[in-house]
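Below: the structure, in structure tokens.
Counting begins at 1 with the first residue of the sequence.
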Amino acid sequence: VSLESAPTPTLILMLLSSAPGPLGGGARSLTQDDTFVEVSLTLLKQGVKVPRIIVDARGASMLLVEDFGALTLHGALSDSSGAAIPAAVK
């Protein structure tokens, strides 16, 4: 469900961690916060419908993101038939 078609948009306030992220080390040391935002923006640029980041307040360790419901990326990718992916996010 996207914000444009939802009768009452729902948002999620994510409280972030400044702990080192999975992409840490090397020339770019990223926090978990930065990793989430970077992966989200990369997927979006590739045309993958991901929850939009409405407010980026990483300085306060928070993000306000669009709510896609119970569907997770892992769950959608684990279902090889594609049946778990609703038409709204295809």
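Residues R58 and D56 share a closest heavy-atom pair of NH2-OD2, 2.7 Å. Closest of all the heavy-atom pairs between L15 and M62 is CD2-CG, 3.6 Å. For the pair L63 and A57, the tightest heavy-atom approach, listed with the atom from each and the gap, is CD2-N, 4.2 Å. When all heavy atoms of P51 and S40 are compared, the pair lying nearest together is O-OG, 3.9 Å. For E66 against V50, the heavy-atom pair with the smallest separation is OE1-O, 4.2 Å.
Partners of I12 by side chain to side chain contact (heavy atoms under 4.5 Å, CB included), not counting sequence neighbours, listed by chain and number: M14, V65, D67.
In the hydrophobic clustering of ILVMFWY residues, with side-chain heavy atoms under 4.5 Å counting as a link, V39 and I53 come out apart.
Note that CD1 of I54 is 6.5 Å distant from CG of L64, once rounded to the nearest 0.5 Å.
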